[in-house]
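Before any comments, here is the structure.
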Amino acid sequence: MSPYLSDADLAATTDLGALRRKTITVADAMADHAASLIVEFADARAAGRFDQMSLIRDHAYAIDPELLAELDGFDNYPAAA
């Protein structure tokens, strides 16, 4: 199973799943994956799981070094209102 299209893989026998696989782009899949890494990083940080944060950072660097920069600045800038 692809880690990028798990929702489509789970819906493999439905028309919705087939449509998802036909219409998603590589850029969309990468953006979805990057977003999931950010959520996982936030969850690991909230739980104090520095070992898991390190693994997520390693993976982020391997797929996109700029994503690592986003994780580095995770708590350095306040969210816009």
**Item:** Residue pair Ile38 / Leu67, side-chain heavy-atom distance below 4.5 Å
**Value:** yes
**Message:** Measuring only between side-chain heavy atoms, which start at C-beta, is Leu37 closer than 4.5 Å to Ile63?
**Reply:** yes
**Request:** Would you check if there is a donor-acceptor pair between the side chains of Asp51 and Ser54 at a distance under 3.5 Å?
**Result:** no
**Atom pair CG (Leu68) and CG (Asp58), whose distance is rounded to the nearest 0.5 Å** = 8.5 Å
**Message:** Can you tell me how far apart CD1 (Ile56) and CG (Asp43) are? Round to the nearest 0.5 Å.
**Reply:** 8.0 Å
**Minimum side-chain heavy-atom gap Phe41-Arg57 below 4.5 Å** = yes
**Prompt:** Got Glu40 and Arg49 here, is their nearest side-chain heavy-atom distance under 4.5 Å?
**Reply:** no
**Asked** Which pair of non-hydrogen atoms, one from Met53 and one from Arg45, has the smallest distance, and what is that distance?
**Response** SD-CA, 3.5 Å
